[in-house]
Amino acid sequence: MPRLLIVHHTPSPSTQALFEAVLAGATHPDIEGVEVVRRAALAATVPDVLEADGYLLGTPANLGSMSGALKHFFDTIYYPCLDATRGRPFGYWIHGNSDTSGTERQLLAITTGLSWVKAAEPVITTGDPGKRTLEACTELGGTLAATLMN
């Protein structure tokens, strides 16, 4: 069964709401035959990444950078997973209080280095997430899960 790994750092109510919307999309009843595994960024492991067929990544934008937790995740998995995960699909969401561009730049630099393929438009937002943003996150989760359906 294909596996979707959701790696997230959700320290605030806003980032938690985005994560829950992504999860709702990935586990929607219309998605069949895809196992969804969720891991906090500091708990995700090399085997988690190697056993997954696609990835969803969520992070706050902290002072222009991705969270230290998500950066630690990438530092941990990068070389052990580099060759084995090339070409796998991924998506991401970012929440910030102001500028998120540095966070996205970092995330794309790392996923480009891994040769992962962006499979959906990201959700990038600032401030309190509204209904449209949450719906976009639900769509993001559903889209990534659907790309893995047999």
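Residues take their numbers from the sequence shown, with the count starting at 1.
Just one of His28, Arg38, His8 meets the side chain to side chain contact (heavy atoms under 4.5 Å, CB included) condition when paired with Leu23; it is Arg38.
Side-chain contact between Pro60 and Pro11: present, with at least one pair of heavy atoms (C-beta onward) separated by less than 4.5 Å. Between Trp93 and Val22, the closest side-chain pair of non-hydrogen atoms falls below 4.5 Å. A 4.5 Å side-chain heavy-atom check between Ile6 and Val37 finds every atom pair outside the cut-off.
Side chain of Asp48 to main chain of Thr45: a donor-acceptor pair is present (N/O by atom type, distance under 3.5 Å, no hydrogens or angles). In terms of modelled atom types and a separation under 3.5 Å, the side chain of Thr59 and the main chain of Ile94 share no donor-acceptor contact. Between the side chain of Thr138 and the main chain of Ala21, a donor-acceptor pair closer than 3.5 Å is present. Distance alone, capped at 3.5 Å, is enough to place a donor-acceptor pair between the Arg88 side chain and the Ala52 backbone. Thr112 places no side-chain N or O within donor-acceptor distance of the main-chain N or O of Ala109, the cut-off being under 3.5 Å.
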Please step through side-chain contact (heavy atoms from CB on, under 4.5 Å) for the pair Phe74 and Gln106, ending with a clear verdict.
CA-CA 11 Å; Phe74 281 127; Gln106 286 178 318; over 6 Å; no
Kindly determine whether Leu56 and Tyr92 satisfy side-chain contact (heavy atoms from CB on, under 4.5 Å), including the steps that lead there.
CA-CA 5 Å; Leu56 274 166; Tyr92 60 96; over 6 Å; no
Worked verdict on Leu70 versus Leu107 for side-chain contact (heavy atoms from CB on, under 4.5 Å)
CA-CA 9 Å; Leu70 193 64; Leu107 195 145; 4.0 Å; yes
side-chain contact (heavy atoms from CB on, under 4.5 Å), that's the test. Do Leu18 and Thr133 meet it? Break it down for me.
CA-CA 8 Å; Leu18 298 175; Thr133 299; 3.7 Å; yes
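Minimum interatomic distance between Ala119 and Pro89 (heavy atoms only, all atoms of both residues): CB-CB, 3.7 Å. Contact detail for Ile31 and Gly142: the closest heavy-atom pair is CD1-O, 3.7 Å. Closest non-hydrogen pair, Pro80 versus Leu50, comes out as O-CD2, 4.2 Å. Among all heavy-atom pairs drawn from Met1 and Gly33, the shortest one is CG-O, 3.2 Å. Listed here is the closest heavy atom pair of Cys137 and Val123: SG-CG1, 3.6 Å. The heavy-atom pair separating Gly141 from Leu4 by the smallest distance is O-CD2, 4.4 Å.
If you take CD on Glu104 and CG on Asp99, they are separated by 10.5 Å, rounding to the nearest 0.5 Å. Considering NE2 of His95 and CZ of Phe19, their distance stands at 16.0 Å, rounded to 0.5 Å. Put simply, CG on Leu57 and CZ on Phe90 are 7.0 Å apart, with the number rounded to the nearest 0.5 Å. Atom OG in Ser115 sits 7.0 Å away from atom CG in Leu82 (nearest 0.5 Å). Atom-to-atom distance recorded for Asn97:CG and Ser14:OG is 7.5 Å, nearest 0.5 angstrom. Within the model, atoms SG of Cys81 and CZ of Arg86 stand 11.5 Å from one another, a figure rounded to the nearest 0.5 Å.
Put simply, Met66 and Leu42 are part of two different groups of oily side chains (I, L, V, M, F, W, Y) that touch within less than 4.5 Å, one to the next. Residues Met149 and Leu140 share a single hydrophobic cluster, defined by chaining ILVMFWY side chains whose heavy atoms lie under 4.5 Å apart. Using a 4.5 Å cut-off between side-chain heavy atoms of Ile, Leu, Val, Met, Phe, Trp and Tyr, with links allowed through other members, Leu148 and Val7 fall into different hydrophobic clusters. Following chains of ILVMFWY side-chain contacts shorter than 4.5 Å, one cannot reach Leu144 starting from Ile124, and the two form parts of different hydrophobic clusters.
Note: Tyr55 and Trp116 have parallel aromatic rings, judged against thresholds of 30 and 60 degrees for the angle between ring planes.
A salt bridge does not link Asp53 with Arg3: every distance from a Lys NZ or Arg NE/NH1/NH2 to an Asp or Glu carboxylate oxygen is 4.0 Å or more.
For the residue pair Thr100/Thr103, the side-chain donor-acceptor check at 3.5 Å is not satisfied. Using modelled atom types, one finds no donor on one side chain facing an acceptor on the other under 3.5 Å when comparing Ser65 with Asn62.
No more than 12 heavy-atom neighbours from other residues, nucleotides or ligands sit within 6.0 angstrom of CD on Glu139.
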